[in-house]
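For reference, the structure is listed below as structure tokens.
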Amino acid sequence: MKSIVAIYPGTFDPITHGHTDVVRRASQLFEQVIVAVTTNLSKTPVFELAQRVQLAQQVLAEYPQVTVQGFNGLLAEFAKQVQAKVIIRGLRAVSDFEYEFQLAGMNRILIPEIETLFLTPAAQYSYLSSSLVREIAILGGAVDAFVHPTVLKALQERMRR
Ligand code: COA
């Protein structure tokens, strides 16, 4: 598996310890992991794409084989462009499964040569989501247990606006 390029797509609004845990696991399996930051059309992100990319780059700087790229458009097209063979998705709980199964099935039709691989984050991150982190931060709660200090700072700055 070592020469295979894997991509880990998501909104990362913002990147949390749960995402980082999945990236760490993927980086132990693949020589190159591309964290592919995009905008899910059914969501309105709080952070602009460029800032979500920048935050992920800062948080993941300690992983030499991991790069972060932003993209717009179809994941299948981006995966083809970067010659990825694997799409990584994190499965936190059974409730994630239905959507992920659908996404994997559609991507298989769009680009049959790529496999979707599911990784589970460590148990303490299975309840974590970016929107809950944002909500806690907006309401003045502490989110330092869930995000990197760089992200914490960005959240605090965003809340001040
Ligand atoms: N730890 C913590 N949280 C996690 C997590 C983990 N390991 N894995 C997922 N999450 C959370 C995210 O923070 C996010 O939380 P939120 O909804 O509260 O913001 C939620 O789970 C969804 O995760 P995410 O990975 O961001 O998925 P998404 O549903 O926003 O994105 C895309 C799905 C981006 C991969 C999909 O929309 C896509 O491929 N878009 C490109 C366009 C395209 O090709 N469309 C056709 C697809 S067939």
Side-chain angles (χ1 to χ4, degrees), residues 5-30 33-57 59-60 63 66 68-82 84-139 141 143-148 150-152 154-155 158-159:
V5 176
I7 58 173
Y8 178 33
T11 309
F12 302 102
D13 185 38
I15 186 166
T16 68
H17 287 337
H19 295 124
T20 304
D21 186 73
V22 170
V23 171
R24 185 184 58 78
R25 289 170 199 282
S27 71
Q28 288 168 349
L29 296 173
F30 301 102
V33 177
I34 301 173
V35 174
V37 183
T38 189
T39 303
N40 182 334
L41 290 185
S42 59
K43 293 180 181 175
T44 309
V46 165
F47 293 103
E48 297 290 331
L49 180 64
Q51 192 174 8
R52 283 181 276 135
V53 168
Q54 195 186 35
L55 288 174
Q57 277 168 340
V59 170
L60 301 172
Y63 300 97
V66 176
V68 181
Q69 290 187 44
F71 77 98
N72 287 305
L74 271 183
L75 171 62
E77 284 305 316
F78 181 75
K80 216 184 291 179
Q81 239 176 56
V82 297
K85 288 272 178 288
V86 171
I87 294 170
I88 306 280
R89 292 288 290 167
L91 268 188
R92 291 163 299 171
V94 176
S95 51
D96 281 344
F97 180 76
E98 206 168 327
Y99 174 63
E100 293 301 334
F101 187 67
Q102 201 179 358
L103 209 64
M106 293 299 269
N107 279 322
R108 176 170 280 167
I109 295 167
L110 292 172
I111 183 162
E113 58 274 29
I114 293 190
E115 290 298 335
T116 300
L117 186 76
F118 298 105
L119 297 177
T120 53
Q124 71 265 34
Y125 303 130
S126 56
Y127 50 82
L128 195 52
S129 76
S130 298
S131 53
L132 278 181
V133 165
R134 291 195 309 268
E135 187 175 316
I136 294 167
I138 288 169
L139 297 172
V143 292
D144 48 321
F146 313 125
V147 296
H148 189 278
T150 308
V151 174
L152 182 64
L155 275 166
R158 187 71 184 75
M159 296 317 149

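For ligands, and for the atoms within them, numbers begin at 1 and follow the listed sequence.
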contact_flag [X] ligand 1 heavy-atom lt 4.0 Å:
{"X": "Asp13", "result": "no"}
{"X": "Gly73", "result": "yes"}
{"X": "His17", "result": "no"}
{"X": "Phe78", "result": "no"}

What distance do [X] atom [atom1] and [Y] atom [atom2] have between them, rounded to the nearest 0.5 Å?
{"X": "Arg24", "Y": "Leu119", "atom1": "CZ", "atom2": "CG", "result": "10.5 Å"}
{"X": "Phe30", "Y": "Lys85", "atom1": "CZ", "atom2": "NZ", "result": "12.0 Å"}
{"X": "Leu74", "Y": "Thr38", "atom1": "CG", "atom2": "OG1", "result": "9.5 Å"}
{"X": "Ile88", "Y": "Ile34", "atom1": "CD1", "atom2": "CD1", "result": "11.5 Å"}

Where is the tightest heavy-atom contact between [X] and [Y], given as atom of each residue plus distance?
{"X": "Ala36", "Y": "Phe78", "value": "CB-CE2, 3.6 Å"}
{"X": "Arg92", "Y": "Asp96", "value": "N-OD2, 2.8 Å"}
{"X": "Gly18", "Y": "Pro121", "value": "O-CB, 4.2 Å"}
{"X": "Glu100", "Y": "Phe118", "value": "CB-CE2, 3.6 Å"}

Can you tell me the protein heavy atom closest to [atom] and the distance?
{"atom": "atom 29 (O) of ligand 1", "answer": "Asn40 ND2, 3.2 Å"}
{"atom": "atom 17 (O) of ligand 1", "answer": "Lys43 NZ, 2.9 Å"}
{"atom": "atom 46 (C) of ligand 1", "answer": "Leu74 CD2, 4.0 Å"}
{"atom": "atom 32 (C) of ligand 1", "answer": "Arg89 NH1, 4.3 Å"}
{"atom": "atom 15 (O) of ligand 1", "answer": "Ser130 N, 3.5 Å"}
{"atom": "atom 18 (O) of ligand 1", "answer": "Ser131 OG, 2.4 Å"}
{"atom": "atom 26 (O) of ligand 1", "answer": "Thr11 N, 3.0 Å"}
{"atom": "atom 6 (C) of ligand 1", "answer": "Gly18 C, 3.7 Å"}

Count the heavy atoms of every other residue, nucleotide or ligand shown that sit under 6.0 Å from [atom1] of [X], and state whether that count exceeds 12.
{"X": "Gln102", "atom1": "CD", "result": "no"}
{"X": "Tyr127", "atom1": "OH", "result": "yes"}
{"X": "Arg108", "atom1": "CZ", "result": "no"}
{"X": "Gln124", "atom1": "CD", "result": "yes"}

Within reach of ligand 1, part of Leu75 (heavy-atom separation under 4.0 Å):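 Both backbone and side chain.
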Under a 4.0 angstrom heavy-atom cut-off, which atoms of ligand 1 come close to Thr16?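 Listed by number with element: 2 (C).
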Enumerated ligand 1 atoms positioned under 4.0 Å from heavy atoms of Tyr99: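 Result: 29 (O), 33 (C), 37 (O).
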Nearest protein heavy atom under 4.0 Å from atom 42 (C) of ligand 1, yes or no: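 Given the 4.0 Å cut-off, atom 42 (C) of ligand 1 counts as touching protein heavy atoms.
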Leu132-ligand 1 polar pair, N/O distance under 3.5 Å: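 N/O-N/O distance under 3.5 Å: no.
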Polar atom proximity, Arg92 to ligand 1 (N or O, under 3.5 Å):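 For ligand 1, there is an N or O atom that lies under 3.5 Å from one belonging to Arg92.
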Heavy atom to atom 48 (S) of ligand 1, shortest distance: which of Glu135, Met106, Arg134 holds it?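 Nearest option to atom 48 (S) of ligand 1, by heavy atoms: Met106.
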Would you indicate which of Leu103, Thr20, Thr38 comes nearest to atom 34 (C) of ligand 1 when only heavy atoms are counted?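 Selected option, by shortest heavy-atom distance: Thr38.
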